[in-house]
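To find a chain, count down the sequence lines: A is the first, B the second, and so on, and within it residues start at 1. Note that the coordinates shown come from a computational prediction; the quantities given were computed from them, not determined experimentally. Side chains included, hydrogens not; waters and symmetry mates left out as well; all remaining heavy atoms used.
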Amino acid sequence: MESEINEIIKSRLKKLEILHERGIDPYPTDFKPTHNTKACLDLLNDIEKKGLEQSEVIYSAGRITAIRKMGKAIFLDILDELGKIQLLARDNSIDDNTKELIELLDIGDWAGVIGPVFRTRRNEPTIQVNSIKLLSKSLKPLPEKWHGLKNVETRYRQRYLDLIANTNIREIVKQRDNIIFELRKFMKEEGFTEVDTPILVPIPAGGMAHPFKTYHNALDRELFLRIATELYLKRMVVGGIEKVYEIGRLFRNEGIDSNHNPEFTTMESYEAYADYNDVMKMVENLFGQIVFNVKGTYEIQYGENKLNFKPPWKRLDLRKTLIEKSGIDFNICNDVEILKNEMSKIGIDVRNQLSWAGLMDKLISEKLEPDLIQPTFLIDYPLEMSPLAKLSKENSNIVERFEGFIAGMEICNAFTELNDPLDQRKRFENQEKMREEFPEEERDRLDEDFLVALEHGMPPTGGVGIGIDRMVMLILNQSSIREVISFPQLRTI
RNA sequence: GGGCCGGUAGCUCAGAGGUAGAGCAAAUGACUCUUAAUCAUUAGGUCGAGGGUUCGAAUCCCUCCCGGCUCACCA
């Protein structure tokens with residue numbers, strides 16, 4: 001981006017020139033802080049306990065966020081990753097180089113400071129400046145100190161400004177890290193092995209979504225960005241990695257809104273000898289442990305609702321719940337036209353849905369999802385909606401599948417995995433047929449290489465995919481996915 | 001894609017046909033315990049872009065760009 005030259009930048013460029021003239025490197029590399037701002041505060045507490053007023057000389061550093069000139073005393077605030085601390089440069093405490101340099105410092109510059117920590121008469125922990133080093137000259141002004149940066153577009157496009165001006169955003173970054181750390185810890189404790197599977201794939205299978213397409217020159221072939229990690233993780237299970245998972249980015253070429261970003265993070269796991277009941281237990285324990293370890297409690301506020309993550313979650317039979325909430329029984333409405341009719345009757349707009357599965361999806365999200373506030377599993381989905389899930393033992397049009405919902409949001413999707421290669425082939429072929437019939441609706445894709453793997457034998461397996469960004473939204477009480485993804489997708493301007 | 005709301009100084013915002021405004025930030029000066037420092041002075045604008053109406057448009061109309069919320073689509 002080209003920088004427009006306004007007065008502020010002109011004045012800073014001039015200061016830069018003066019620095020060069022005086023032989024001061026505005027971008028040096030030789031300053032090593034001994035104490036971050038938090039360590040400074042700890043140090044102050046320590047020496048005060050010992051009855052001392054001033055610590056030894058320490059080195060600290062950060063970005064200058066305020067300069068208050070009081071004649072021959074200058075107060076500065078510096079901000080580092082952990083917080084802020086005040087500096088006091090008094091005319092008779094600073095060296096000559098600092099006297100000259102301090103006139104050339106601006107809000108936004110990175111500075112290193114050398115001096116003892118003490119407390120001012122107003123009780124403010126402060127580093128008394130013996131010497132200041134410029135660590136990096138900033139040429140552009142920062143957002144305003146009091147109102148901060150509010151423009152949402154600028155916050156997303158220039159997240160670094162958001163992180164500087166709105167320090168609560170740093171908390172989101174750190175808490176997201178904590179959540180994913182706790183997630184890995186849980187999986188490790190459960191004996192899972194984390195793996196990496198391809199992001200560039202020849203067939204975007206394992207889910208129903210519109211893929212991003214790209215091209216590899218040397219191989220001279222079209223490739224796609226993965227829409228799911230499922231089929232590669234199952235290949236690992238075929239290979240004998242019995243408990244396997246991946247935390248990774250998926251890419252779906254679809255709409256963008258407060259719950260959807262074209263690239264998003266999921267955790268998918270597969271466990272041999274498990275079925276969907278075992279997976280349900282794992283999911284509720286996983287959420288419970290993460291929430292408890294990150295927030296110190298099972299009960300957290302999300303928007304207007306208090307969510308309780310203490311296991312077990314409520315389990316609702318999909319068919320029974322649909323009958324209860326909509327009067328529609330999918331066993332009876334087993335034909336597109338009948339289902340469409342019944343849904344119209346209860347006031348659902350079905351003009352955009354073509355297939356039976358599409359209609360069911362709509363019915364669930366319209367009649368069930370909004371009311372699923374507390375963590376809840378919907379259980380036992382129709383076969384037609386679930387090409388990768390194993391048939392129920394009791395019922396040939398139901399699969400052993402569940403989805404988890406929290407605060408009206410779908411948060412995970414799981415099943416007892418289909419490991420019958422012949423049935424899987426039929427299901428894929430059916431998906432391909434449906435794609436021809438309804439080209440506007442997304443379908444899963446037949447992945448021959450995966451079928452070959454299945455033909456070698458996959459043990460009975462239970463698997464789940466969890467939306468990590470949504471999990472972070474819930475735990476951190478954020479209503480937009482853009483708040484938990486540091487650089488959300490926006491139009492380029 | 002539809003509806004609603006918004007885009008004015010680096011930032012936060014006011015201005016709703018009649019000379020483009022404030023606070024912070026910036027520049028100059030005063031001030032050795034301030035912390036949204038204070039005080040004085042100064043400078044800073046393609047009012048998102050383009051067209052139209054008008055004697056005159058930031059303001060009214062049209063088209064477009066960017067964003068937010070929402071509905072639709074989509075997991």
Side-chain angles (χ1 to χ4, degrees), chain A residues 3-12 14-15 65-77 84-94 103 106-108 118-126 128-129 138-158 161-162 164-166 207-210 227-228 250 252-262 264 266 348-354 357-358 361-362 364-366 369 385 403-405 409-413 440-442 444 465-467 469-470 479-483 488 490-493:
Chain A
S3 43
E4 68 275 40
I5 302 295
N6 68 18
E7 283 225 332
I8 297 171
I9 292 168
K10 255 189 227 165
S11 131
R12 294 197 178 190
K14 182 141 185 250
K15 288 176 183 169
T65 58
I67 301 176
R68 296 179 291 279
K69 292 195 177 176
M70 292 282 309
K72 293 191 166 155
I74 301 175
F75 292 91
L76 305 97
D77 292 341
K84 260 183 195 185
I85 194 161
Q86 172 174 269
L87 316 183
L88 171 55
R90 299 168 64 181
D91 199 50
N92 55 12
S93 79
I94 55 178
E103 296 301 320
D106 287 296
I107 292 174
F118 74 111
R119 200 180 283 275
T120 62
R121 275 173 235 152
R122 299 285 170 92
N123 241 5
E124 180 75 19
T126 302
Q128 179 184 285
V129 177
S138 124
L139 301 179
K140 291 202 160 192
L142 288 180
E144 197 222 328
K145 59 186 169 190
W146 186 243
H147 297 92
L149 177 64
K150 289 192 174 162
N151 185 295
V152 179
E153 191 173 349
T154 309
R155 288 186 47 232
Y156 295 159
R157 288 191 194 278
Q158 295 178 273
L161 294 180
D162 197 21
I164 296 164
N166 306 317
M208 303 184 194
H210 195 82
I227 59 162
L250 304 185
R252 299 189 176 184
N253 203 340
E254 288 162 0
I256 298 177
D257 64 28
S258 53
N259 285 327
H260 298 85
N261 195 61
F264 60 103
T266 61
I348 299 177
D349 178 357
V350 290
R351 284 171 300 180
N352 290 310
Q353 275 66 34
L354 298 169
D361 218 30
K362 174 100 178 183
I364 295 167
S365 58
E366 196 104 330
E369 265 189 48
M385 302 175 72
E403 292 194 318
F405 295 87
M409 243 191 322
E410 184 201 332
I411 212 76
C412 69
N413 182 17
E440 296 87 0
E441 288 186 2
E442 277 303 330
D444 210 334
I466 300 174
D469 306 293
R470 290 181 180 183
S479 60
S480 171
I481 199 168
R482 297 182 199 97
E483 297 296 343
L490 299 177
R491 271 176 222 275
T492 45
I493 46 173

Measure from [atom1] on [X] to [atom2] on [N] and round the result to the nearest Å.
X	N	atom1	atom2	answer
K14(A)	rA26(B)	NZ	P	16 Å
W146(A)	rC13(B)	CH2	P	15 Å
K150(A)	rC24(B)	NZ	P	16 Å
N151(A)	rC13(B)	CG	C1'	12 Å
D77(A)	rC33(B)	CG	C1'	13 Å
Q158(A)	rC11(B)	CD	C1'	12 Å
L139(A)	rA26(B)	CG	P	15 Å
N6(A)	rU8(B)	CG	P	15 Å

Please state the [atom1] separation for the pair [N] and [M] - nearest whole angstrom.
N	M	atom1	value
rC4(B)	rC64(B)	P	14 Å
rA36(B)	rA72(B)	C1'	45 Å
rG51(B)	rU59(B)	P	13 Å
rA40(B)	rA49(B)	P	35 Å
rU41(B)	rC47(B)	P	29 Å
rG48(B)	rA25(B)	C1'	23 Å
rA58(B)	rA26(B)	C1'	25 Å
rA57(B)	rU19(B)	C1'	14 Å

Side chain to side chain, [X] and [Y], heavy atoms closer than 4.5 Å:
X	Y	result
K150(A)	N166(A)	no
P141(A)	I107(A)	no
L161(A)	K140(A)	no
R90(A)	M70(A)	no
T120(A)	Q86(A)	yes
E410(A)	N259(A)	no

For the side chain of [X], starting at C-beta, report the closest nucleotide among [options].
X	options	result
M70(A)	rA26(B), rC11(B), rC33(B)	rC33(B)
F75(A)	rC33(B), rU32(B), rA26(B)	rC33(B)
Q86(A)	rG67(B), rG23(B), rU35(B)	rU35(B)

Counting any heavy atom closer than 4.0 Å, what does [X] reach on the DNA or RNA strands: base, sugar-phosphate only, or nothing?
X	answer
K15(A)	sugar-phosphate
G148(A)	sugar-phosphate
I107(A)	sugar-phosphate
S11(A)	sugar-phosphate
N259(A)	nothing
R12(A)	nothing
R491(A)	sugar-phosphate
L490(A)	sugar-phosphate

Run the side-chain contact (heavy atoms from CB on, under 4.5 Å) test on I164(A) and L142(A) for me, step by step, so that the C-alpha distance in whole Å, both residues' side-chain angles and the decisive distance to 0.1 Å come before the verdict. CA-CA 8 Å; I164(A) 296 164; L142(A) 288 180; 4.0 Å; yes
Watson-Crick or G-U wobble mate for [N], both contacts under 3.5 Å:
N	result
rG1(B)	rC71(B)
rG23(B)	rC11(B)
rG50(B)	rC62(B)
rU28(B)	rA40(B)
rG45(B)	none

Start with the C-alpha gap between H210(A) and E254(A), add the side-chain angles, then the distance that decides, and say whether side chain to side chain donor-acceptor pair (under 3.5 Å) holds. CA-CA 6 Å; H210(A) 195 82; E254(A) 288 162 0; over 6 Å; no
Enumerate all atom pairs, one protein N or O and one N or O from nucleotides 28-30 of chain B, separated by less than 3.5 Å.
none

Can you see if the side chain of R68(A) gets near the phosphate of rU38(B) - specifically, an N or O under 4.0 Å from OP1 or OP2?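 So the side-chain polar atoms of R68(A) never come under 4.0 Å of the phosphate oxygens OP1 or OP2 of rU38(B).
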Nearest 0.5 Å, please: how far is SG in C412(A) from CZ in R470(A)? 11.0 Å
So, using side chain to side chain donor-acceptor pair (under 3.5 Å) as the criterion, who are the partners of K362(A) when residues are at least two apart?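 With neighbours one apart ignored, the set is empty.
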Minimum heavy-atom separation for A228(A) and R252(A), please, with both atom names. CB-NH2, 4.4 Å
Taking donor-acceptor contacts at under 3.5 Å, does the side chain of E7(A) reach the base of rG10(B)? no
Give the B/S/- string for nucleotides 69-75 of chain B, one per nucleotide from 5' to 3', where a protein heavy atom under 4.0 Å of the base yields B, of only the sugar-phosphate yields S, and otherwise -. SS-SBBB
Determine whether E441(A) and D361(A) satisfy the following criterion, side-chain contact (heavy atoms from CB on, under 4.5 Å), listing intermediate values before the conclusion. CA-CA 12 Å; E441(A) 288 186 2; D361(A) 218 30; over 6 Å; no
